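Here the structure comes first, spelled out in structure tokens, and everything after it is commentary.
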Amino acid sequence: MTGQVRGVQLARLLGHWHALPGRRRSPDYAALAGTVRGLLADGRLPLGVRLPAERELAEALRISRTTVTAAYRQLRETGHLASRRGAGSWTMLPGNHRVASTGLWTPLDDREMLDLGVAALAAPPQLLTAARAAVEDLPRYLGGAGYHPTGIIELREAVADAYAARGLPTSADQIMVTSGTQHALDLVLRLALAPGGSVLVESPTYPNALAALAGRRARITTHGLAADGWEPDLLLGSLRQTRPKLAYLIPEFQNPTGHLMPAALRERVVAAAHAVGTDLVIDESFVDLPLDGTELPPPVGVYDRHSRVISIGGMSKPYWGGLRIGWVRASAPQVQRLAAVRVGVDMASPVLDQLVAVHLLADADAIVAERRVQLAVQRDALLGALAQRLPDWRVTVPRGGVTLWAELDGPVSSALARAAEEVGVRLAPGPRFGLDGTMERFLRLPFTLPAADLVEAVGRIAAVRYDLDRTGRQRWREPAVIA
Ligand SMILES: Cc1ncc(COP(=O)(O)O)c(C=O)c1O
């Protein structure tokens, strides 16, 4: 059991449950149960939480207790609720409804496949120039042993300067260079989370973060994102109720939904985390990629007075994933402790790669500006193709980042991914981003491939989507690549 939803909170999540389409044909209790099932399947209502007592929910919804009793009974019958007399009722999903959200998910080497499973761009043309310049710089480092557990000073300074430019004064000794953001997360978890510790994450969230958390055997609580992003009262309520050791959040162009957390909520989250003793791990992977001139709120760290916020980020999204350069921004003593942890993992990052990063960051304004233009064009091509070929899908136009989160016309995401693979399109189905098989009505679509490839991919997806209806839904078979 990871927490409890109060009557008023559930009432807010249920929204206009009594006025849903097709509603006239079903009795109140069935409509209520159906809406709860939908919230569970979409990850908005977490699994394993205690629902309010029947009387409390009836009061919050202003309906009779008999209706709630009947709805809870139906939810038990369909495997969505487990009850114990005197102890309450907990949410669950029926046992046959599972797709692993963790496991290997890497780009394919198969060049024929249109890979929409991975949300990352090909390298910018400036990468080769930066690599050549880095080789020229290398002799300066060759006289030493080459181990720099927190990173070479030039890169730490460049990263610290970039934080300062965003309004968060930072010194080089607050930066530790890592082999990508994923490595940064792993090191932070090793430092800040004992095995089995409790963690709050967004739902949906980045699957490889879930993999890192699984590696620590973390106990996970979720905050279900709504169609327009975080629900402040529910998020703060979850923090206060579950008091997790750590919360992992992606405030800028959240992967996969693309949401941007407003400044006011950033401030409130930091205050609430401090009040309950939660450390915040803030993943800023997409912070360089606002589109359409979208203004960024201040970094979450701006509101931190008590070293509660550990920020992680890296070069993979604006520059190139193959560089494997990321970082942690924390207090100087935390960075020293991270360096000590790292000695037992990989000692240090390669010097040459760090020098390449220094050169890329020196040219950041030009490179990132080009990336934004490229991403906006590709996003618009993807949106156009979706509107034309799959008009029943609902998408919110992301104001940054590299992904959009499509709401499908049915719970077919895994079946669609399976079928798409047969026609040369690789997809990461919704359940990859949820827990325990939630998110079947959603699909993440990155706009990191060239526009023509995106249009071609949507055409093929549309074809198999309509085939699915004709041939009946295929059951998800675990493809070898997920492992
Ligand atoms: C939110 C988030 N965090 C971390 C990563 C991993 O980044 P890196 O390649 O820097 O390890 C990604 C990559 O998709 C991501 O989307």
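Each ligand, and each atom within it, is numbered from 1 in the order the structure gives. Here the structure is a predicted model, which is why all the values come from computation and not from measurement. Values reported hereafter were calculated over all heavy atoms of this structure, with side chains retained and with hydrogens, waters and symmetry mates removed. The first residue in the sequence is number 1, and the count goes up from there.
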Among all the protein's non-hydrogen atoms, which is closest to atom 14 (O) of ligand 1, and how far away is it? Lys317 NZ, 2.6 Å

Counting distance only, does the side-chain N/O of Thr91 pair as donor-acceptor with the main-chain N or O of Val49 below 3.5 Å? yes

Out of curiosity, is Ser316 lining ligand 1, as in a heavy atom under 4.0 Å away? yes

the protein heavy atom lying closest to atom 3 (N) of ligand 1 turns out to be Asp283 OD2, 2.6 Å

Against heavy atoms of Ile250, which atoms of ligand 1 measure under 4.0 Å? 1 (C)

Within the side chain of Glu370, is there an N or O that forms a donor-acceptor pair under 3.5 Å with the backbone of Ile367? no

Among all the protein's non-hydrogen atoms, which is closest to atom 16 (O) of ligand 1, and how far away is it? Asn255 ND2, 2.7 Å

Tell me, please: is Met315 in heavy-atom contact with ligand 1, that is, under 4.0 Å? no

With the threshold set at under 4.0 angstrom, would you say Arg324 reaches ligand 1 through any of its heavy atoms? yes

Rounded to the nearest 0.5 Å, what separates atom OG in Ser179 from atom CD in Gln354? 8.0 Å

Nearest-contact summary for atom 6 (C) of ligand 1 - protein heavy atom, Å: Tyr206 OH, 3.4 Å

Return yes if some donor-acceptor pair links the side-chain N/O of Glu440 with the main-chain N/O of Ser413 below 3.5 Å, else return no. yes

Are there more than 12 heavy atoms of other residues, nucleotides or ligands under 6.0 Å from atom CZ of Arg217? no

